[in-house]
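Encoded as structure tokens, the structure appears first; notes follow it.
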2 protein chains.
Amino acid sequence: MDQKEIGIILKERRKSLKITQLDLADIAGVSVRSLRDIEKGKTNPELETLLNLCKVLGLEISIKVIK
Amino acid sequence: MDQKEIGIILKERRKSLKITQLDLADIAGVSVRSLRDIEKGKTNPELETLLNLCKVLGLEISIKVIK
DNA sequence: CCATAACCAGCAATATATTGCCGCTTTGCT
DNA sequence: AGCAAAGCGGCAATATATTGCTGGTTATGG
């Protein structure tokens, strides 16, 4: 799980919901400029930014012990 | 899932592994100052910082669609 | 083909996480 | 109780994510 992978997950999820970057960014309270960098895996987003996007996209982040 | 919750998870995991903040921070390549804020939920960590800590702690972060 | 929407990326400015330093407090052990 | 280890948190400096702006490129519908 790294930046690039997360970017892909977010982008694919957004597309499957058929919403634009502009709309997602707007609803999530994130700038479209940041969203683009995140989807491209070109930045190291803050947790809150990621959580805001996930919330809108119906995605959940979980942390658990590796078995 | 928010900052506070993540801080608690990290701290409990670290304690269960019986390592100090200093050691964890050192191994993970994160400053102990940041680790403290993160465990306290007082900061909004960057994804990479979180991933570095999780790696050392044997924790994995996953993102999936909410059913 | 044309027009429009959607996406992309460089740049400078701003906001904020991260860091190192320091002294203090709490915890745990003998 | 006394000591040492571990944790805590303010502060200023630094690094870097985020933002708004701008102009360009690519996809898409009529």
Side-chain angles (χ1 to χ4, degrees):
Chain A
M1 175 65 70
D2 61 352
Q3 291 177 16
K4 210 137 275 184
E5 196 178 341
I6 287 178
I8 294 172
I9 292 174
L10 293 190
K11 181 163 192 170
E12 288 183 348
R13 176 64 177 164
R14 176 178 62 79
K15 298 213 137 188
S16 81
L17 294 177
K18 301 202 192 314
I19 56 182
T20 65
Q21 288 180 334
L22 206 63
D23 285 342
L24 170 55
D26 192 41
I27 298 172
V30 171
S31 76
V32 67
R33 193 67 193 71
S34 295
L35 173 57
R36 273 175 200 150
D37 283 345
I38 292 171
E39 284 192 352
K40 287 283 180 182
K42 296 185 62 175
T43 193
N44 170 28
E46 295 174 359
L47 178 64
E48 189 179 323
T49 303
L50 207 53
L51 291 174
N52 287 341
L53 293 171
C54 284
K55 187 177 300 183
V56 175
L57 292 172
L59 296 174
E60 74 180 353
I61 295 182
S62 62
I63 302 184
K64 37 182 192 296
V65 179
I66 300 176
K67 292 171 296 297
Chain B
M1 175 65 71
D2 62 351
Q3 291 176 17
K4 209 138 277 183
E5 196 178 339
I6 287 177
I8 293 173
I9 292 174
L10 293 191
K11 181 164 190 168
E12 287 183 349
R13 176 63 177 166
R14 176 178 61 80
K15 296 211 138 187
S16 81
L17 294 178
K18 300 201 192 314
I19 55 181
T20 66
Q21 289 180 335
L22 207 63
D23 285 341
L24 170 55
D26 192 40
I27 299 172
V30 171
S31 76
V32 67
R33 196 65 194 73
S34 295
L35 173 58
R36 273 174 201 152
D37 284 344
I38 293 171
E39 285 192 351
K40 285 284 181 182
K42 297 185 62 174
T43 194
N44 172 27
E46 295 174 358
L47 178 64
E48 190 179 322
T49 304
L50 207 53
L51 290 174
N52 286 341
L53 292 171
C54 284
K55 187 177 300 183
V56 175
L57 292 172
L59 296 174
E60 73 181 352
I61 295 183
S62 61
I63 302 184
K64 34 180 192 296
V65 179
I66 299 176
K67 295 170 292 298

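Just so it is clear, the model here is predicted, and its values are computed rather than measured. Protein chains get the first letters and strands the later ones, always in sequence-line order, with residue 1 at the start of each.
The distance between atom CD of Gln3(B) and atom C1' of dT16(C), rounded to the nearest whole Å, is 12 Å. In this structure, Leu24(B) places its CG atom 14 Å from P of dT18(C), rounding to the nearest Å. Nucleotide dC7(C) holds its C1' atom 17 Å from the CD atom of Glu12(A), rounded to whole Å. Counting to the nearest Å, the P atom of dA5(C) and the CG atom of Asp26(A) are 16 Å from each other. Rounding to whole angstrom units, CG of residue Leu35(B) and P of dG20(C) are separated by 13 Å.
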Using a cut-off of under 3.5 Å, enumerate the N/O to N/O pairs linking the protein to nucleotides 9-15 of chain D.
unit_1, atom_1, unit_2, atom_2, d
dG9(D), O6, Arg36(B), NH1, 3.4
dG10(D), N7, Arg33(B), NH2, 3.0
dG10(D), O6, Arg33(B), NE, 2.6

Close N/O contacts between protein and nucleotides 27-29 of chain D (under 3.5 Å):
none

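Under a hydrophobic-cluster definition in which Ile, Leu, Val, Met, Phe, Trp and Tyr are linked whenever side-chain heavy atoms come within less than 4.5 Å, directly or via other members, Ile9(A) and Ile63(A) are assigned to the same cluster. Residues Leu57(B) and Val32(B) do not share a hydrophobic cluster, defined by chaining ILVMFWY side chains whose heavy atoms lie under 4.5 Å apart. Ile27(B) and Leu10(B) fall within the same hydrophobic cluster, defined by Ile, Leu, Val, Met, Phe, Trp and Tyr side-chain heavy atoms under 4.5 Å apart, directly or through other members. A continuous path of hydrophobic side-chain contacts links Leu17(A) to Ile38(A) [ILVMFWY only; heavy atoms under 4.5 Å].
In this structure, Val30(A) reaches the sugar-phosphate backbone alone: every heavy-atom distance under 4.0 Å involves primed, P, OP1 or OP2 atoms, never a base.
Met1(B) and Ile6(B) make their closest contact through SD-CG1, 3.2 Å (heavy atoms, listed as atom of the first residue, atom of the second, distance). Of all heavy-atom pairs spanning Leu35(A) and Gln21(A), the tightest one is CD2-O, 3.3 Å. Between Thr43(B) and Pro45(B), the closest heavy-atom pair is O-CD, 3.2 Å.
Residue pairs meeting the side-chain hydrogen bond (donor to acceptor under 3.5 Å, both in side chains) criterion with at least one member in residues 50-67 of chain A, sequence neighbours excluded: Ser62(A)-Ser62(B). Residue pairs meeting the salt bridge (Lys or Arg N to Asp or Glu O under 4.0 Å) criterion with at least one partner in residues 14-43 of chain B, sequence neighbours excluded, are Arg14(B)-Glu39(B), Arg33(B)-Asp37(B).
To the nearest 0.5 Å, atoms CG (Leu50(A)) and CG (Asn44(A)) are separated by 10.0 Å. The line from CD of Glu46(A) to CG of Leu51(A) is 11.0 Å long, rounded to the nearest 0.5 Å.
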I would like to know whether Val65(A) and Leu59(B) meet side chain to side chain contact (heavy atoms under 4.5 Å, CB included); could you show each step before the answer? CA-CA 4 Å; Val65(A) 179; Leu59(B) 296 174; 3.7 Å; yes

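At least one side-chain nitrogen or oxygen of Ser34(A) sits closer than 4.0 Å to the OP1 or OP2 atom of dT19(D).
DNA chain D is contacted by no residue of residues 15-23 of chain A, taking any non-hydrogen atom closer than 4.0 Å. Residues of residues 44-51 of chain A having a heavy atom closer than 4.0 Å to DNA chain D, listed by number: Asn44(A), Pro45(A), Glu46(A), Thr49(A).
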